[in-house]
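Take a look at the structure below.
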Protein chains: 4
Amino acid sequence: MGDPRRRSASAQAAVLRSCAEIMRDRGPAAVSIEGVARAAGVGKQTIYRWWPSRGALLVDAMVAGRGEVEIDVVDTGDLAADLRAMLVAVIRVITGEHGPLLASLLGEMQQDVGLRAAFDEAIFEPVRGSYRARLRTARASSGTAGWPDDDTILDLAFGPLWFRLLTRPGHLDEGFAYDVAGLVARALGLEDAARG
Amino acid sequence: MGDPRRRSASAQAAVLRSCAEIMRDRGPAAVSIEGVARAAGVGKQTIYRWWPSRGALLVDAMVAGRGEVEIDVVDTGDLAADLRAMLVAVIRVITGEHGPLLASLLGEMQQDVGLRAAFDEAIFEPVRGSYRARLRTARASSGTAGWPDDDTILDLAFGPLWFRLLTRPGHLDEGFAYDVAGLVARALGLEDAARG
Amino acid sequence: MGDPRRRSASAQAAVLRSCAEIMRDRGPAAVSIEGVARAAGVGKQTIYRWWPSRGALLVDAMVAGRGEVEIDVVDTGDLAADLRAMLVAVIRVITGEHGPLLASLLGEMQQDVGLRAAFDEAIFEPVRGSYRARLRTARASSGTAGWPDDDTILDLAFGPLWFRLLTRPGHLDEGFAYDVAGLVARALGLEDAARG
Amino acid sequence: MGDPRRRSASAQAAVLRSCAEIMRDRGPAAVSIEGVARAAGVGKQTIYRWWPSRGALLVDAMVAGRGEVEIDVVDTGDLAADLRAMLVAVIRVITGEHGPLLASLLGEMQQDVGLRAAFDEAIFEPVRGSYRARLRTARASSGTAGWPDDDTILDLAFGPLWFRLLTRPGHLDEGFAYDVAGLVARALGLEDAARG
DNA sequence: TCTTAACCGAGACGGTACGTCCAGTCTTGTA
DNA sequence: TACAAGACTGGACGTACCGTCTCGGTTAAGA
């Protein structure tokens, strides 16, 4: 990706487009290299040349196709509010069009290290990075004495949302994000963040 | 009752045994109906007859093969301590032999509703049920005024562990269970549960 | 071939028929397993199951499709005449519809031991066997003192015909068979066999 | 002449060398344009530029690599002896290092007219031409009244050897060349040429 | 000396076919 | 009649090459 040897932009665009179409129409499980190549009018080798695994192609197709996976982490000075905003943004993404796809990819990456890397890099790392930065600012203030490390806080906040996406996706809504945000805020001793 | 299935008992046992062996030796992704049938000395039809999907077979093989997936939820009267004990037990299961398998199954059930049901029933529901009962007892006490509903608490507690299993399995350890337990306890206002 | 495990006669008939059609229409070089399977409406595996190599399939298709490859070796008591009759029969076969196919197969068997065996068994051995028997009778008579062994005689008789098929197929005709038969007869001292 | 091809000389040499190596090491069937280009450090286009077909390349590589394919036809005045010498020389070539290669090429030329031409020109024509000249001398003598035309004689002599190369290469030896030479001599009425 | 066009290596491109694995269904013969 | 065995059609895998087609980067010719 971003490889300077890349020659035929049109072939690759066709691949991503066809892959995205198949994902949209028949689900990510229906994506096969063979099928994408056929739909894109492209040789299989061309796909194998530029994507290391089926999963990497899926991630690419999702990310390239949409900017909607973006999560903004803002700093309003109120950590609890910022946390809530972020979790609501996450909920919106995972309950949106790409929710089932994200769940499938998260599942599929359990068996595909290439996909794991691609998915981490494209989906998780940006948000984790941003929120880590936000936490750094927060730690500069007082009242963070008993806090665990960043990753624990991140998993405490994100974990419930993704877990529910995977196990009971029908129960995902913004209220859940509010609840989780409130609970995490209270766990961190941000008392004013208590819901209501 | 004159159960016509009686004759199949040994065939089914052989299937489960072979499936478990393949999972153990080569991972769950290496399990195919064809391969299990061959290893079990069983006709493919026999597998299709008794299991609705490949995933259901995987769950059955895991559950039947081992009682280790059991999580006991006890009531010592100290909710925070019980929570911690439960999460440690969960961590032990998901960092144990079956961890990768559980992760794979959780992933695979994203594309297989039969597997979702089987997995829920075999893995999640028992623990959720037990802990729901434990929470019912707790709610009978005072100091639970601001609590969210059971499912939110459950996902807040379980979510971080399973999420980390799926995304950064190398960072799972008992300390993480302790941290999460402490944070959840604090979020629920069980102040004495704060770690340290 | 002749395997008692064989189940679906219709699938195999379809394979042979399609293979024969492709050979006839587009030449033996155009035969591919994939193409035959497609044309026959058969899974590739079914072909791989019953034929060890592409070449064996070609031979089977040719032999199964036609009885014309048969060469009768008769014993009129006149060895020279019988030889001539046989060579004429050979010429008719190799200048007929299947000539180019036979040439291709003879070529292809240079790189495919399975094909070599199949071709030998189906094409060469029957004639060689018959003519060997004819020679045995002849050797029982007098005047065979200086004769070389059977195989040398066979190659002396057949060799020129097949060699010309491979190298200058346009020059094959019955006259050539007559000439070769006459020369071989003279080489064997069957003076009355001299042409004219 | 200002030959623009001059610069390509080294590339062409590398191609022939690599092709010969592959033929030697892994057999002619293992030669592919792609593989030769890779081994020779040459662009595929360069091969397509200078050789019309894979077969032409094979012939070139064989001929260029070795002068051993040469057959000398001498005129000692004794036609039978000269014939025997020639057939022995042929046997030496086709039982030598290049035997299987020659057989494969003879086979492959059944499907490749370009190869047929190249092979004829490089392998058969020189010997046929020389021996045709030798026969012309012989015909100037007496005792050739009943002879068939040159090509028939040539095929009668060469055919058995090449045919055996293709069909039963393990049975090729000098004795066979002697036998064939003797029989052909007798067929032509060169009585003194009879073996023994 | 400086273009400039042919030729070079490299390898991407759309394709076809390979031989294998497995899915899910269907068939045969045994106990 | 349930079973093992495995054949069936079919789809996909990942690889090897095909022959064509750009790419830049040397040459070596004539301007």
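Atom set for the values below is all heavy atoms of this structure, side chains included, hydrogens, waters and symmetry mates excluded. Below, chains carry the letters A, B, ... as their sequence lines are ordered, and counting in each starts from 1.
Heavy atoms only, all atoms of each residue included: B/Leu101 and B/Met62 are closest at CD2-SD, 3.7 Å.
For C/Thr46 (side chain) and C/Val42 (main-chain N/O), no donor-acceptor pair under 3.5 Å exists by modelled atom type. Using a distance-only test at 3.5 Å, with no hydrogens or angles considered, no donor-acceptor pair links the side chain of D/Arg17 to the main chain of D/Ala61.
Side-chain atoms of C/Val59 and C/Met109, non-hydrogen and from C-beta on, never get closer than 4.5 Å to each other. C/Leu16 places a side-chain heavy atom less than 4.5 Å from the side chain of C/Trp51. Inter-residue side-chain proximity for C/Leu106 and D/Leu106 is flagged as unmet; no heavy-atom pair is nearer than 4.5 Å.
For the pair A/Ile22 CD1 and F/dA12 C1', the computed distance is 13 Å after rounding to whole Å. Rounded to an integer number of Å, the gap from A/Leu57 CG to F/dA12 P is 14 Å. One can place CD1 of D/Ile47 at 12 Å from C1' of F/dG19, the figure rounded to the nearest angstrom. The distance between atom CZ of B/Arg49 and atom C1' of E/dA23, rounded to the nearest whole Å, is 17 Å.
For F/dC8, one of the phosphate oxygens OP1 or OP2 lies less than 4.0 angstrom from a side-chain nitrogen or oxygen of C/Trp50. A/Thr46 has no side-chain polar atom (N or O) that falls below the 4.0 Å cut-off from OP1 or OP2 of E/dA12.
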Between N or O atoms, less than 3.5 Å apart, protein on one side and nucleotides 14-18 of chain F on the other: list the pairs.
from	atom 1	to	atom 2	distance (Å)
F/dG14	OP2	A/Tyr48	OH	2.8
F/dG14	N7	A/Lys44	NZ	2.9
F/dG14	O6	A/Lys44	NZ	2.6
F/dC18	OP1	D/Ile33	N	3.2
F/dC18	OP2	D/Ile33	N	3.2
F/dC18	OP2	D/Glu34	N	2.9

